[in-house]
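What you see below is based on every heavy atom in this structure, not just the backbone, and it leaves out hydrogens, waters and symmetry mates. Quantities reported herein were computed from a predicted structural model and do not represent experimental measurements.
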Amino acid sequence: MRSFVVFMAAAALAGCAVPPQNTATPGREAAGTVLLARSGLIVEDSRDSLLAFGTALPSVEMRVTPILGPVVTRTTRVDCGPAPVSLIAFQDITLIARDGQLAGWMTDEDGLRTDAGIGLGSTETSLTAAYKTEYTLDALDREFDAEGFHGTVRNGRVSSMWAGTSCPS
C-alpha cells in the first residue's frame with residue numbers, strides 16, 4: 001500500500017511540471033545560435049558551420065537572420081580603410097562587408113558570446129583565463145587582443161568586441 005501511495009504522489013507531482021519556456025527573444029525563432037569567432041561567425045543550426053571572413057554576404061545574411069532577427073540598418077562607410085565597407089546592423093551585432101563578402105564583425109551589445117563563453121560583460125579575469133590576452137592603453141579603455149578577438153575592457157569588464165575588419169563609430 002505504501003508503494004502505491006508513493007507512486008500516486010509521484011504521478012500527481014509529474015502532472016505539475018512546468019513546461020519548458022521558449023527562450024527566444026520575441027520576434028525571433030529559436031532557430032539556432034550564433035557564436036563569435038576570430039575568423040567569422042559560427043552558426044549552430046541544422047547545418048552547423050563557420051561562416052568565415054570572405055563568405056559571400058547574401059549567404060551570411062541568409063544563415064544568421066533566422067537567429068539574429070531582421071537587419072536594423074544598412075550603411076556604407078568610406079572612412080574605414082582603403083575601400084568602402086558596408087555595415088549591416090542586427091540587434092546585437094554589426095557585420096562588416098567589403099566587396100560583398102563578410103570582412104568583420106563588431107558588437108557593443110550584450111548577447112553574443114564566443115565558444116568559450118566570452119562576450120560583453122564578461123570579466124577581465126574570465127577573458128584572460130579563456131584566451132592569451134595582450135593589452136594596450138586607449139584614451140578611455142584598455143584595448144585587448146585575445147588570440148584574434150579584439151575589444152575593450154572598462155571597469156574590469158569587456159565593453160566591446162570585434163574581429164576581422166573593424167570600423168569604429
Side-chain angles (χ1 to χ4, degrees), residues 19-81 83-124 126-127 129-131 133 138 141 143-169:
Q21 298 288 321
N22 179 359
T23 58
T25 302
R28 296 186 195 176
E29 295 178 24
T33 304
V34 173
L35 296 174
L36 304 173
R38 61 183 63 85
S39 59
L41 298 170
I42 298 170
V43 178
E44 294 181 331
D45 59 8
S46 62
R47 303 178 305 176
D48 292 352
S49 60
L50 169 68
L51 300 176
F53 297 138
T55 302
L57 190 59
S59 296
V60 173
E61 286 190 59
M62 181 181 71
R63 292 286 303 285
V64 301
T65 299
I67 302 167
L68 299 177
V71 171
V72 176
T73 61
R74 288 179 192 273
T75 56
T76 300
R77 299 253 321 253
V78 295
D79 60 338
C80 293
V85 295
S86 298
L87 303 177
I88 302 90
F90 292 86
Q91 181 176 333
D92 296 330
I93 190 169
T94 299
L95 305 182
I96 302 166
R98 180 170 276 136
D99 298 324
Q101 298 178 335
L102 181 64
W105 56 261
M106 57 188 182
T107 183
D108 59 5
E109 298 291 330
D110 190 14
L112 299 178
R113 303 259 179 237
T114 69
D115 61 349
I118 301 300
L120 271 37
S122 294
T123 64
E124 187 172 353
S126 298
L127 175 68
Y131 304 105
T133 307
D138 185 321
D141 307 311
E143 283 194 23
F144 65 82
D145 178 345
E147 299 179 28
F149 291 107
H150 302 275
T152 56
V153 171
R154 182 177 285 175
N155 299 323
R157 297 201 173 267
V158 174
S159 56
S160 67
M161 288 182 70
W162 64 87
T165 298
S166 65
C167 188
S169 305

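- In this structure, Ala130 and Ala116 approach most closely via the heavy-atom pair CB-CB, 3.9 Å.
- At most 12 non-hydrogen atoms from other residues, nucleotides or ligands lie less than 6.0 angstrom from CG of Asn155.
- Within a 6.0 Å sphere centred on CG of Asp45, heavy atoms belonging to other residues, nucleotides or ligands number more than 12.
- When all heavy atoms of Thr94 and Ala89 are compared, the pair lying nearest together is OG1-CB, 3.7 Å.
- In this structure, Thr107 contributes its side chain and Asp92 its backbone to a donor-acceptor pair below 3.5 Å.
- Side-chain contact between Leu36 and Ile118 is absent, with no heavy atoms from C-beta onward closer than 4.5 Å.
- Arg63 places a side-chain N or O within 3.5 Å of a backbone atom of Arg47 that can act as its donor or acceptor partner.
- Atom OG1 of residue Thr33 and atom CG of residue Asp115 lie 12.5 Å apart, to the nearest 0.5 angstrom.
- At distances below 3.5 Å, not a single donor-acceptor pair connects side-chain atoms of Arg77 with backbone N or O atoms of Val85.
- Contact annotation: the side chain of Leu51 approaches that of Val64 to within less than 4.5 Å [non-hydrogen atoms, C-beta and beyond].
- The nearest pair of heavy atoms linking Ala163 to Gly148 is CB-O, 3.9 Å.
- Pairing each heavy atom of Ala37 with each of Ile42, the nearest pair is CB-CG1, 3.9 Å.
- Minimum interatomic distance between Phe53 and Arg38 (heavy atoms only, all atoms of both residues): CE1-O, 3.4 Å.
- Remark: the backbone N or O of Thr152 is paired with a side-chain donor or acceptor of Ser159 at under 3.5 angstrom.
- Here the closest non-hydrogen pair linking Glu147 and Asp145 is N-OD1, 3.4 Å.
- Applying the side-chain hydrogen bond (donor to acceptor under 3.5 Å, both in side chains) test to pairs two or more places apart or on separate chains, those with a residue in residues 50-62 are Glu61-Arg74.
- Listed for the Thr65 side chain is no donor-acceptor partner under 3.5 Å among the backbone atoms of Met62.
- In this pair, Tyr131 and Phe149 present their aromatic rings tilted. The plane angle is within the 30 to 60° band.
- Atoms CG and OG, from Leu102 and Ser86 in turn, are 11.5 Å apart once rounded to the nearest 0.5 Å.
- Rounding to the nearest 0.5 Å gives a distance of 14.0 Å between CE of Met106 and CE of Met161.
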Derivation and outcome, side-chain contact (heavy atoms from CB on, under 4.5 Å), residues Leu127 and Ser122: CA-CA 7 Å; Leu127 175 68; Ser122 294; 5.7 Å; no
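- For the pair Leu87 and Ile96, the minimum side-chain heavy-atom distance is below 4.5 Å.
- Looking only at side-chain heavy atoms (C-beta outward), Val34 and Ile93 stay at 4.5 Å or farther from each other.
- Side chain of Arg98 to main chain of Gly54: no donor-acceptor pair is present (N/O by atom type, distance under 3.5 Å, no hydrogens or angles).
- Residues Val60 and Ile88 fail the side-chain proximity criterion, which asks for heavy atoms closer than 4.5 Å.
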